[in-house]
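Ligands are counted one by one from 1 in listed order, and the atoms in each one are counted from 1 as well. All values derive from a computational prediction rather than experimental measurement.
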Amino acid sequence: MKLRKNVAVIGAQWGDEGKGKLVDLLCEEFDVVARYQGGHNAGHTVKFADQHFALRLIPSGIIHRDKLCLLGNGMVIDPEALLDEIERLRAAGIVIEENLKISDAAHVILPYHRALDLAREEAAGLARIGTTGRGIGPAYESKVARYGIRVADLLDPEVLKHKIEFACAEKNPVLQIVYGRETFDPAQLYDAYLKYGEVLAERITNGTVLINDQIRAGKRVMFEGAQGMMLDIDHGTYPFVTSSNTIVGGVCTGLGVAPKHIHEVIGVAKAYTTRVGGGAFPTELNDEQGEHLRSRGNEFGTVTGRPRRCGWLDLPVVRTAAMLNGIDTIALTKLDVLDEFEEIPVCVEYNVHGEKWKTFPAFAVAHDDYKPVYRTFKGWKQSTVGITSFDDLPQAAKDYIKFIEDETEAKASIISTGPRREETIVRD
Ligand code: IMP
């Protein structure tokens, strides 16, 4: 499969589509792998040679020795989580030296962000978002409020001290009075975060200049998305979303890369649908079929271990992803999870109060107001696990894939038939 020069890999559903495997599979051809949004709420799983790598902050390209990996300015970074991930990867034999860089303009997650995230979720009761509890939302809030701490600030003792004191003066009363939680000692935070700065100093760089220099030098870049299009802060199922732009537009802002440098978009979609956390999920299955998808697909969160909600493939979702991201190619993952079903329904549109919707409505609609309209496919009832050639797939599986291609107007050039790198069909 011939890919154009710089390629973005984007989640076309609610996250957990298998982007990690894709990036790992394709990044052989690339020189740089860069993340542009999110933080350690992401969980990318890569399985290779009997080793299992769970990546949260670091781009999946790190498994390959000669790839330059960049954490972009659009990310929110918890230094403790980053150092822990570096240690875990090193213990598994992965080399992390000059190949990992951090943008000085990325924002830092501090413990009060985590505490606020957890306190709010608890206080929200049934209306909770179901966040990963990593402080992602509150860290982006600090950024947008313009008093966030940036990675560069970790290297400037005076600025760091002032910013931590300023933030604690506001966050502590909110934590204590509004939520009845413990507060944070600014002096202790300052000591800890100054040390993180010292340890990370050699990796901190002007990420925008770095990536644009690489592009100018003719290097090939892969832009690695985290979460999925439906969790985008502007275009997703707000308020049940994450706090960043997960769609391809986020590449431009989250790395400082001009649109003309993004040459191809791969949308990663599971052959069915999953979601973690609250919010609308029109094709959700709360029965033994959903349980079958969960157990056969091992649908449990990489970060939190939470069971994922499971349902049939939702084409309005994938169509919306194709529209928002300009998807050129679909990577269809976990096809083998559908192997045992007698029949496989696919949602082709919604009926929302009598109106037909082929894409996901941007306005908030209560979960019960979406009536999925299904077309049912015959199951193939045979194993597709590990198949590497499209021709070897059962006819019913080919029909299923063809329908998805027709409905989304994008070719499924990559089809994943198992968690391993080699369990993949790559078509021309
Ligand atoms: P947050 O990003 O931790 O604020 O969580 C907001 C919503 O995004 C919750 O529904 C999470 O379950 C969801 N979410 C965040 N990261 C991921 C991910 O990597 N995969 C799937 N869902 C995610």
Side-chain angles (χ1 to χ4, degrees), residues 9-23 35-46 53-60 71 74-78 81 85 107 109 112-124 126-144 224-247 250 254 268-270 272-281 284 294 297-311 314 317 321 333-334 364 367:
V9 176
I10 311 282
Q13 293 156 324
W14 275 282
D16 306 315
E17 298 93 350
K19 295 178 289 295
K21 172 178 167 178
L22 244 289
V23 172
R35 261 191 67 182
Y36 57 91
Q37 45 74 229
H40 64 315
N41 48 348
H44 290 168
T45 317
V46 180
F53 301 99
L55 299 154
R56 286 167 188 177
L57 276 160
I58 302 178
S60 310
L71 307 187
M75 292 185 70
V76 283
I77 295 168
D78 180 330
E85 192 167 324
H107 276 250
I109 299 181
Y112 47 76
H113 292 130
R114 274 197 303 274
L116 274 171
D117 194 359
L118 295 170
R120 277 195 199 133
E121 282 285 277
E122 204 177 301
L126 284 179
R128 68 177 166 269
I129 297 166
T131 71
T132 59
R134 300 296 190 263
I136 306 295
Y140 276 114
E141 275 170 50
S142 295
K143 168 179 171 169
V144 177
E224 176 175 343
Q227 291 88 42
M229 174 282 301
M230 293 299 280
L231 291 172
D232 183 280
I233 183 75
D234 287 291
H235 300 282
T237 41
Y238 190 91
F240 298 95
V241 292
T242 191
S243 299
S244 60
N245 284 115
T246 58
I247 63 165
V268 189
K270 258 180 213 173
Y272 50 98
T273 312
T274 63
R275 162 160 219 184
V276 221
F281 183 172
E284 183 169 13
R294 189 174 304 112
N298 192 23
E299 296 295 355
F300 297 88
T302 319
V303 175
T304 58
R306 291 180 289 179
R308 296 179 184 140
R309 299 159 67 190
C310 298
D314 186 328
V317 165
T333 59
K334 291 193 155 183
H367 176 67

Any heavy atom of Arg306 under 4.0 Å from ligand 1? The part involved is side chain
Among non-hydrogen protein atoms, atom 3 (O) of ligand 1 lies closest to Thr132 OG1, 2.6 Å
### Task
Ignoring hydrogens and angles, state whether a donor on the side chain of His107 or Ser142 is under 3.5 Å from an acceptor on the partner side chain.
no
protein heavy-atom neighbour closest to atom 10 (O) of ligand 1 works out as Val276 O, 3.1 Å
Heavy-atom proximity to atom 14 (N) of ligand 1 ranks first, among Thr246, Leu231, Asn41, for Leu231
In this structure, atom 17 (C) of ligand 1 is nearest to the protein heavy atom Gln227 CG, 3.4 Å
Quiz prompt | Under 3.5 Å side-chain donor-acceptor pair for His40 and Glu85 | solution = no
- Item | Neighbour count >12 (heavy atoms, 6.0 Å) for atom CD, Glu122 | no
| With a 3.5 Å cut-off and no angle check, do the side chains of Thr246 and Gln37 form a donor-acceptor pair? | no
In this structure, atom 6 (C) of ligand 1 is nearest to the protein heavy atom Val241 O, 3.3 Å
* Asked: Cut-off 3.5 Å, side chains only: do Asn41 and Thr131 have a donor facing an acceptor?
  -> no
For atom 21 (C) of ligand 1, the closest protein heavy atom turns out to be Asp16 OD2, 3.0 Å
Determine whether any heavy atom of Ser243 lies closer than 4.0 Å to an atom of ligand 1. no
Numbered in order shown, the ligand 1 atoms found under 4.0 Å of a heavy atom of Trp14 are 21 (C), 22 (N)
Self-check item: Arg308 to ligand 1, any heavy atom closer than 4.0 Å
Solution: no
- Query: Hey, is Glu121 close enough to Arg134 for a salt bridge, meaning N to O under 4.0 Å?
  - Reply: no
the protein heavy atom lying closest to atom 5 (O) of ligand 1 turns out to be Thr131 CA, 3.3 Å
State, yes or no, whether a side-chain contact exists between His44 and Lys21 at a heavy-atom distance under 4.5 Å.
no
Which of Val241, Thr237, Val276 passes side chain to side chain contact (heavy atoms under 4.5 Å, CB included) with Trp14? It is Thr237
If you scan protein heavy atoms around atom 2 (O) of ligand 1, the nearest is Thr242 OG1, 2.6 Å
Looking only at non-hydrogen atoms, the one of Gly130, Gly277, Gly133 nearest atom 9 (C) of ligand 1 is Gly130
Pair Lys270 + Glu299, salt bridge at N-O below 4.0 Å: yes
